[in-house]
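What follows is a short report on a single structure.
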Amino acid sequence: MELFKYMETYDYEQVVVCQDKESGLKAIIAIHDTTLGPALGGTRMWTYESEAAAFEDALRLAKGMTYKNAAAGLNLGGGKTVIIGDPRKDKNEALFRAFGRYIQGLNGRYITAEDVGTTVADMDLIHEETQYVTGVSPAFGSSGNPSPVTAFGVYRGMKAAAKEAFGTDSLEGKVIAVQGVGNVAYNLCRHLHEEGAKLIVTDINKEAVNRAVEEFGAKAVDINDIYSVDCDIYAPCALGATVNDDTIPQLKAKVIAGAANNQLKDTKHGDLIHEMGIVYAPDYVINAGGVINVADELYGYNAERAMKKVELIYDNVAKVIEISKRDGIPTYVAADRMAEERIETMRKSRSTFLQNGRHILGHRR
Ligand SMILES: NC(=O)c1ccc[n+]([C@@H]2O[C@H](COP(=O)([O-])OP(=O)(O)OC[C@H]3O[C@@H](n4cnc5c(N)ncnc54)[C@H](O)[C@@H]3O)[C@@H](O)[C@H]2O)c1
Ligand SMILES: CC(C)C[C@H](N)C(=O)O
């Protein structure tokens, strides 16, 4: 990857590479755009095939957060971190504290939270070193684990997409294929089960599958079979790029609505599913519940206020579908336009001079 060329093409502001030999920390903090406010986005810990793959993931996820935060109406920019390592083996106190010090060094340009491979306990360690972390233990007045709230938002957004595809937003009796039953999807399955949906699940982690089978009567399938099962809704809730050339021809679902970030491998796949008449709830619109929840901490956390905002993901998904129908464009394009319009409007309105911080007038005596 030619880093500067990539950054220039997609207009990234900053990439910070962090290394700490003692703890084994190898982290990449990508800040995409801070027009709307400080960049807020989670920290992913994952074993990457190569450094290039880690950079690419950090960059793609950071840009996704710019759009997610903008579309959700938050006054926040987009950023993300990836820590290269195995979350089951490579975590230690020094690693997260070293990482916290790097975040503190950015002086508020970037605020972190949980993502795949990191937990509230990890955020608590980061919090020992910096205030620029959310999703910390409720004991600190924080909002804790964002996953159940993300799940509730996905559930709300899935209902809005179902309304478009099936004429009703009831999920009772609907067959829903859930890929990955981790932190978010476990809670999503609970909502779906309570509403009377029939679940088909898969995961590389057998314990996670067994839990869904036992608690929600889900049917388990092999990881490669989840795309082709007979279902109404496909819910990608593992990692990204699962809507691609190989999987699209297998899909029988009329709706794609799930928690994973970057679900479309490429934009052309969003065009293709649109042409096929599949209702796609854009990933960053439907999975914004977690970031809406942690962002509320910045105002002094109020769970009731945060949940009210998360409920509105139903309306946001419905709005994107409306724009898509009105303008004859795929939903992912409609969502991008909605986010970009907000960023551009704010960028222009901020060109008015405001006396804050150090500037030329600061030299007057
Ligand atoms: N946690 C949040 O609040 C939040 C918010 C927004 C978006 N997301 C996104 O949602 C997705 C899930 O997040 P999470 O926090 O539940 O993560 P998680 O790690 O708890 O769950 C992911 C699950 O997917 C499984 N998995 C991985 N590869 C798989 C594969 N090839 N096939 C089937 N299963 C596979 C894992 O074993 C795991 O159980 C991620 O893409 C994440 O970025 C999470
Ligand atoms: C800020 C976090 C809750 C971020 C979350 N992992 C997301 O992708 O939205």
Side-chain angles (χ1 to χ4, degrees), residues 38-47 57-58 60-69 71-72 74 76-82 86-88 110-120 122-123 132-136 142-154 157 177-189 200-212 220-227 234-244 247 257-263 282-298 306 310 313:
L40 173 55
T43 295
R44 178 169 294 193
M45 188 164 187
W46 197 250
T47 48
D57 207 26
R60 268 169 64 90
L61 290 163
K63 183 161 176 266
M65 290 310 299
T66 297
Y67 281 74
K68 185 182 306 196
N69 294 339
L74 300 172
L76 290 163
K80 201 94 174 187
T81 299
V82 304
D86 186 336
R88 289 163 305 181
Y110 171 69
I111 304 167
T112 201
E114 293 85 350
D115 193 64
V116 174
T118 57
T119 62
V120 175
D122 304 331
M123 297 307 123
Y132 302 120
V133 52
T134 55
V136 178
S142 180
S143 65
N145 180 6
S147 303
V149 187
T150 301
F152 179 64
V154 173
V178 182
Q179 179 180 43
V181 263
N183 290 321
V184 176
Y186 168 73
N187 289 287
L188 172 65
C189 286
I200 302 175
V201 300
T202 195
D203 198 296
I204 50 174
N205 175 352
K206 292 293 157 238
E207 279 173 29
V209 170
N210 292 341
R211 186 166 66 155
V221 295
D222 189 76
I223 54 166
N224 296 315
D225 295 338
I226 195 74
Y227 307 104
Y234 164 53
C237 298
L239 298 183
T242 63
V243 181
N244 57 45
T247 60
N261 283 308
N262 297 332
Q263 292 169 24
D283 44 16
Y284 63 76
V285 179
I286 193 170
N287 73 13
V291 76
I292 293 170
N293 196 47
V294 299
D296 198 82
E297 289 179 26
L298 306 174
V310 175
I313 289 178

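For ligands, and for the atoms within them, numbers begin at 1 and follow the listed sequence.
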* Is the backbone of Asp86 close enough, under 3.5 Å, to the side chain of Thr47 for a donor and an acceptor to pair up by distance? -> no
* Structure fact -> Here the atoms of ligand 2 under 4.0 Å from any heavy atom belonging to Asn261 are 8 (O)
* **Interfacing atoms of ligand 2 (cut-off 4.0 Å, heavy-atom, Ala113)** => 1 (C), 2 (C)
* **Short side-chain to backbone donor-acceptor contact, Asn293 and Pro146, under 3.5 Å** => no
* Considering only heavy atoms, does Leu61 approach ligand 2 within less than 4.0 Å through its side chain, its backbone, both, or neither? -> neither
* **Set of side-chain hydrogen bond (donor to acceptor under 3.5 Å, both in side chains) partners for Asn187, sequence neighbours left out** => Arg190
* Structure fact -> A student comparing Gly290, Gly289, Gly41, Gly153 should find that the heavy atom closest to atom 3 (C) of ligand 2 comes from Gly290
* So which protein heavy atom does atom 7 (C) of ligand 2 come closest to, and at what separation? -> Lys68 NZ, 3.2 Å
* Ignoring angles and geometry beyond distance, decide whether Asp115 reaches within less than 3.5 Å of ligand 2 through its nitrogen or oxygen atoms. => yes
* Asked: Counting only N and O atoms by type, is there a donor-acceptor contact under 3.5 Å from the side chain of Thr81 to the main-chain atoms of Thr43?
  -> no
* Check the pair Tyr234 / Val243 against side chain to side chain contact (heavy atoms under 4.5 Å, CB included), numbers first and verdict last. => CA-CA 10 Å; Tyr234 164 53; Val243 181; 4.3 Å; yes
* To do: Step by step, work out the side chain to side chain contact (heavy atoms under 4.5 Å, CB included) result for Asn261 and Lys68.
  => CA-CA 10 Å; Asn261 283 308; Lys68 185 182 306 196; 3.0 Å; yes
* Is the closest side-chain heavy-atom distance between Leu76 and Leu298 below 4.5 Å? -> yes
* Asked: Is it true that a side-chain atom of Gln263 and a backbone atom of Gly258 form a donor plus acceptor pair closer than 3.5 Å?
  -> yes
* Below 4.0 Å from any atom of ligand 1, which residues have a heavy atom? Give them in chain and number order, please. => Arg44, Lys68, Asp115, Val116, Pro146, Ser147, Thr150, Gly180, Gly182, Asn183, Val184, Asp203, Ile204, Asn205, Ile223, Cys237, Ala238, Ala259, Ala260, Asn261, Asn287
* Test item: Glu297 side-chain N/O and Ser143 main-chain N/O as donor-acceptor pair under 3.5 Å -> yes
* Asked: Which atoms of ligand 2 are found less than 4.0 Å from any heavy atom of Lys80?
  -> 6 (N), 7 (C), 8 (O)
* Asked: Is it the case that Thr118 and Asp115 place a side-chain donor and acceptor less than 3.5 Å from each other?
  -> no
* Considering only heavy atoms of Met65, which atoms of ligand 2 have at least one such atom less than 4.0 Å away? -> 7 (C), 8 (O), 9 (O)
* Distance from atom 2 (C) of ligand 2 to nearest protein heavy atom, with residue and atom -> Glu114 O, 3.6 Å
* **For Val294, atoms of ligand 2 separated by under 4.0 Å from a heavy atom** => 1 (C)
* Using a 4.0 Å heavy-atom threshold (strictly under), name the region of Arg44 that reaches ligand 2: side chain, backbone, both or neither. => neither
* Asked: Just by distance, do the side chain of Asn287 and the backbone of Ala259 share a donor-acceptor pair under 3.5 Å?
  -> yes
